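These figures come from a predicted structure and were not determined experimentally.
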Amino acid sequence: MINSQNTAHIPKEAQMSSVVTRFAPSPTGYLHIGGARTALFNWLYARRTGGKFILRIEDTDKERSTPELARAILDGMSWLGMGWDEGPYFQTGRMELYRREADRLLREAKAYRCVCTPEELDARREAAKARGEKPRYDGRCRNLPPATAEGKRSVIRFRTPESGQTVVHDLFRGDVTFEHAELDDLVLIRSDGLPTYNYVVVIDDATMGITHVLRGDDHLNNTPKQILLYESLGYSLPRFGHFPMILGPDGTRLSKRHGAMSVMAYEEMGYLPEAMVNYLVRLGWSHGDQEIFSVDELKKCFTLENIGKSAGKFNPEKLLHLNAHYIKTVDPERIARLLIPFLARKGIEATPSPWLVSVVRTLQERSRTLLEMADSAEYYFREKETDPKAAAKFLTPEIATVFEEIAAAFSALPEFSHAAMDSTLNAIVAKRGGTLKIHQPIRVALTGGTASPGLFEVMEVLGREEVVRRLSKAAKRISSV
RNA sequence: GUCCCCAUCGUCUAGUCCGGCCAAGGACACCGCCCUUUCACGGCGGCGACGGGGGUUCAAAUCCCCCUGGGGACGCCA
């Protein structure tokens, strides 16, 4: 017998207009890169098709789930700008439904009670591995008279067909066939009465009307079991699509070893959500040669057809590049607002103002993250310690008098503008033979280092008073050495 | 070990379904040059891939098979 998801008869338009996707993370960790992309694909597909996107928290692992982590996942979703149309649903609130359906399966003999203990199961698994076999449940409680389990600690297992096969019609990979003989009798309800993942996911997806189950291909092997469950429960099947996982830069499964994998860690490092979204969407999906995508654009052009099949490696460099792109092109007023907490971390108090925006404008082209921007913005707010090497090279004794002359000339300027400063400097240089290199010394005196935005921009933002003050101060300091 | 998936530059990928337009295109990184008051931005150029072997065909990155490599799953985790 071959089980199949038969949706081919449904007209394309009908499928399009009624798409329901979901993201179902378990609150046993933060929202990480991989999870975020899964959410993104589902969210984008729903948006693209005018469908619905549901958020569901899979909290049936009472050992590891915490409300704080559930909160953190929600925060991550919000930061990335992914809103959900329904939920978040929590599975812990749906226990009665899970038990009722399990009882039904039990009554129909599609499931049975198993009294094997975890210890026994472990031992058998090890033994099977030692023998070189696939470690599966051996089915010894399958035909136990129901009375045997009476009063004993037991789990409810699904009675998987012993022969035949199930084929998964995967949206991205085509048909994948699994022999039932390869599957074992999975646990539906644990001995403490809590349901397991493979079971609840089916009930939830079915009862919530999910039409497209789009998830990482680490779930592909679970799918035949779930299809069998759908059929036993009498539910109609959604369409399944398994996209490749994201691997660490070293090609192994993503984990803490790979450094910052939590999405929110990137916010703290000064990344913009649009950069993260853009990076994530291009990892495993493409649209010709296009690299830059706004969210609005994605809502129009994101398609399932362009999702690839091979696993991708997480590449922090490209994410950084994309972030630099957005730092550079996003509205400076917004950057200014976002920058404030980063400045605060350095002990710099700033408030939104046109001046702050002008600071940002000078730094947009040379900052790849908000963190970098805050670092290079420091001299606008307070004098920095002068880099000793820069001082040695540019703050030479003969420059002191030049600084004083410039300070005086600047003070006398009717207007402290780029053009006025430029011609003032040129005049002073010309007066001394025209070979004097004056820009770097001024830059060092003003910013404490040799790298900064255009000198005139810096001076305009700093303001005449501060420029004159720093120049005079530098002159005095040089002379006093 | 068993089963499942995957395979184009170091990385993300276009091209593969409908074989010729591909002496394989774009992006990141790297290198060089130009622009330039520094650092950046930008522009131009360079380096760099169809994993191997068999088929099929007039023709294969594209279709088939095997091998190899990588990943995943095998829980009273999700």
Side-chain angles (χ1 to χ4, degrees), chain A residues 24-29 58-61 63-65 114 116-118 121-122 125 128-137 153-157 168 170 172-174 176-179 181-184 186-198 200-201 216-224 242 244-245 247 249 251-253 279 282-292 305-306 308-322 324 328 363-368 376 390 394 422 425 437-444 447 449-456 458:
Chain A
S26 73
T28 54
E58 311 239 320
D59 57 350
T60 55
D61 181 351
E63 309 280 301
R64 300 187 300 152
S65 300
C114 165
C116 298
T117 65
L121 260 16
D122 273 349
R125 241 192 306 275
K129 271 190 186 170
R131 269 180 274 125
E133 288 166 21
K134 187 167 184 167
R136 315 165 39 235
Y137 175 63
R153 221 179 144 72
S154 65
V155 301
I156 297 178
R157 280 187 192 273
V168 178
D170 193 274
F172 311 133
R173 307 172 191 275
V176 184
T177 305
F178 294 86
E179 295 292 332
E182 287 296 330
L183 276 21
D184 65 355
L186 68 154
V187 171
L188 267 24
I189 305 283
R190 303 166 165 100
S191 55
D192 63 2
L194 289 180
T196 61
Y197 164 76
N198 275 301
V200 281
V201 75
D217 69 11
D218 47 337
H219 286 284
L220 184 55
N221 290 291
N222 288 327
T223 308
H242 295 91
M245 313 185 46
L247 272 22
T252 63
R253 201 190 171 103
Y279 176 71
R282 274 291 285 107
L283 220 184
W285 175 82
S286 61
H287 188 68
D289 282 340
Q290 190 173 345
E291 296 286 350
I292 303 294
E305 292 76 56
N306 300 314
K309 292 188 190 180
S310 48
K313 294 182 183 144
F314 178 70
N315 183 196
E317 307 256 79
K318 188 145 184 182
L319 208 208
L320 220 210
H321 165 80
L322 251 7
K328 192 175 318 169
L363 264 16
Q364 276 178 294
E365 280 191 347
R366 49 211 108 217
S367 308
R368 295 177 301 176
S376 32
F394 295 108
D422 197 10
L425 255 30
K437 293 272 184 276
I438 198 67
H439 298 278
Q440 277 303 73
I442 298 177
R443 173 170 285 114
V444 173
T447 71
T450 54
S452 86
L455 228 209
F456 301 105
V458 171

Nearest listed nucleotide, side chain of A:Thr60, among B:rC76, B:rA7, B:rA78: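 Side chain of A:Thr60 sits closest to B:rA78.
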Heavy-atom donor-acceptor pair, A:Ser191 side-chain to B:rC76 base, under 3.5 Å: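 Check passes, donor-acceptor contact within cut-off.
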Set of residues satisfying side chain to side chain contact (heavy atoms under 4.5 Å, CB included) with respect to A:Leu320, sequence neighbours excluded: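 Counting only residues at least two positions away or on another chain, A:Leu320 forms a side chain to side chain contact (heavy atoms under 4.5 Å, CB included) with A:Tyr271, A:Arg368, A:Thr369.
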What residues form a salt bridge (charged side-chain N to carboxylate O under 4.0 Å, His left out) with [X], not counting sequence neighbours?
X: A:Lys134; answer: A:Glu182
X: A:Arg282; answer: A:Glu291
X: A:Asp61; answer: A:Arg64
X: A:Arg136; answer: none

Once side-chain hydrogen bond (donor to acceptor under 3.5 Å, both in side chains) is applied, do any residues pair with [X], and if so which ones, sequence neighbours excluded?
X: A:Tyr197; answer: A:His219
X: A:Arg366; answer: none
X: A:Thr252; answer: A:Asp250, A:Arg257, A:His258
X: A:Thr28; answer: A:Ser26

Verify stack between A:His219 ring and B:rA73 base, 5.5 Å, 30 degrees: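 Here A:His219 fails the 5.5 Å or the 30° condition.
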[N] pairs with, by Watson-Crick or G-U criteria that keep both distances under 3.5 Å:
N: B:rG1; answer: B:rC74
N: B:rG48; answer: none
N: B:rG10; answer: B:rC28
N: B:rG42; answer: B:rC34

Check every strand shown and say whether [X] touches a base, only sugar-phosphate, or nothing at a heavy-atom separation below 4.0 Å.
X: A:Asn198; answer: base
X: A:His242; answer: nothing
X: A:Arg157; answer: sugar-phosphate
X: A:Asp192; answer: nothing
X: A:Glu182; answer: sugar-phosphate
X: A:Lys129; answer: nothing
X: A:Val155; answer: base
X: A:Cys114; answer: nothing

Heavy-atom side-chain proximity of A:Glu58 to A:Val201 below 4.5 angstrom: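 Yes, at least one pair of side-chain atoms sits under 4.5 Å.
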Validation row: A:Arg173, A:Pro244 side chains within 4.5 angstrom (heavy atoms):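 Contact flag for A:Arg173/A:Pro244 side chains = yes.
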Tabulate atom names and distances for all N/O pairs under 3.5 angstrom spanning the protein and nucleotides 20-26 of chain B.
unit_1, atom_1, unit_2, atom_2, d
B:rG25, N2, A:Asp289, OD1, 2.7
B:rG26, N2, A:Glu291, OE2, 2.9

Base versus backbone protein contacts along nucleotides 38-43 of chain B [heavy-atom cut-off under 4.0 Å; B, S, -]: BBBSS-
Restricting to nitrogen or oxygen on both sides, can you table the protein-nucleotides 51-53 of chain B pairs closer than 3.5 Å?
none

